[in-house]
Amino acid sequence: MLDINITAIIQVVNFFIAIIVLNCLLIRPVRNIIRQRKTKLGDMLSSAEAFTSSADEQLAEYQNSLNRARQEAALTRADARADALREQQSLVAEANKRAQEYFVQAKETLLKEMQSTQAVLAGQVKPLADKAVSKVLG
């Protein structure tokens with residue numbers, strides 16, 4: 001059968017002492033290092049998530065700023081086009097007004113010249129008519 005002698009008991013005691021020593025010298029420090037690494041990894045992961053969320057927020061803010069700038073540019077372009085259209089209409093109206101004035105002035109000048117020409121011709125018709133009558137009669 002099984003003989004239990006003092007060497008077996010000493011070996012069991014040595015085994016437990018070795019376990020205790022290994023636990024103090026090796027297992028606990030390794031567990032602490034693993035725990036610290038897990039904590040560091042968790043911190044780094046939360047830091048990376050915070051950085052990612054911050055980058056997403058900045059990107060969204062940038063997109064919003066870009067959209068606002070585009071809307072402002074569109075409004076500015078629309079205002080500039082409206083101003084240019086008003087200016088164009090003003091210039092066309094001014095040109096039409098000047099053309100109308102020029103037309104009225106030219107018409108008045110032509111009427112005056114026509115009247116003076118008619119007056120000159122009317123003064124010349126009587127002597128010419130008298131000459132024509134004297135040649136026909138005479």
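By convention here, the first residue in the shown sequence is residue 1. Because only heavy atoms are used, hydrogens play no part in the values below, and waters and symmetry mates are left out as well, while side chains stay in. Fair warning: this is a prediction, and the values are worked out from it, not measured in the lab.
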inquiry  = Within the 4.5 Å heavy-atom criterion, are N32 and R35 side-chain neighbours or not?
reply    = yes

task = Specify the closest pair of heavy atoms between P29 and C24, including all atoms of both residues, with the distance to one decimal.
result = CD-O, 3.6 Å

message = According to salt bridge (charged side-chain N to carboxylate O under 4.0 Å, His left out), does anything in residues 55-67 pair up with another residue at least two apart or in another chain? List the pairs.
response = none

query = Taking atom CD of Q71 and atom CG of L66, what is their separation to the nearest 0.5 Å?
reply = 10.5 Å

ask   = For I34, which residues count as a side chain to side chain contact (heavy atoms under 4.5 Å, CB included) partner, sequence neighbours excluded?
value = V30, K38

key: Verdict with supporting geometry, L85 and Q88, side chain to side chain contact (heavy atoms under 4.5 Å, CB included)   = CA-CA 5 Å; L85 183 62; Q88 177 188 9; 3.7 Å; yes

query = Is atom CD of Q105 surrounded by more than 12 heavy atoms (other residues, nucleotides or ligands) closer than 6.0 Å?
reply = no

ask   = Hey, what do you get for CD1 (I27) to CD1 (I20), rounding to the nearest 0.5 Å?
value = 11.0 Å

query = Around M44, counting heavy atoms of other residues, nucleotides and ligands shown, do more than 12 lie under 6.0 Å from its CE?
reply = no

request  = To the nearest 0.5 Å, tell me how far S53 OG sits from Q58 CD.
outcome  = 10.0 Å

ask   = Are any side-chain N or O atoms of T52 and backbone N or O atoms of A48, one a donor and one an acceptor, separated by less than 3.5 Å?
value = yes

Enumerate donor-acceptor pairs with a distance under 3.5 Å from any side-chain N or O in residues 73-84 to protein atoms, sequence neighbours excluded.
from: T76; atom 1: OG1; to: E72; atom 2: O; distance (Å): 2.8
from: D83; atom 1: OD1; to: R86; atom 2: NH2; distance (Å): 2.1

query = How many angstroms lie between CG in N14 and CD1 in I10, if you round to the nearest 0.5 Å?
reply = 7.5 Å

query = Is I17 reachable from L25 through a run of I, L, V, M, F, W or Y residues, each pair having side-chain heavy atoms under 4.5 Å apart?
reply = yes

query = Atom CZ of R37 and atom NZ of K40: how far apart are they, to the nearest 0.5 Å?
reply = 8.5 Å

Euclidean distance, Y102 OH relative to T109 OG1, rounded to 0.5 Å = 8.5 Å

inquiry  = Quick one, L110 and K107 - any side-chain contact, counting heavy atoms below 4.5 Å?
reply    = no

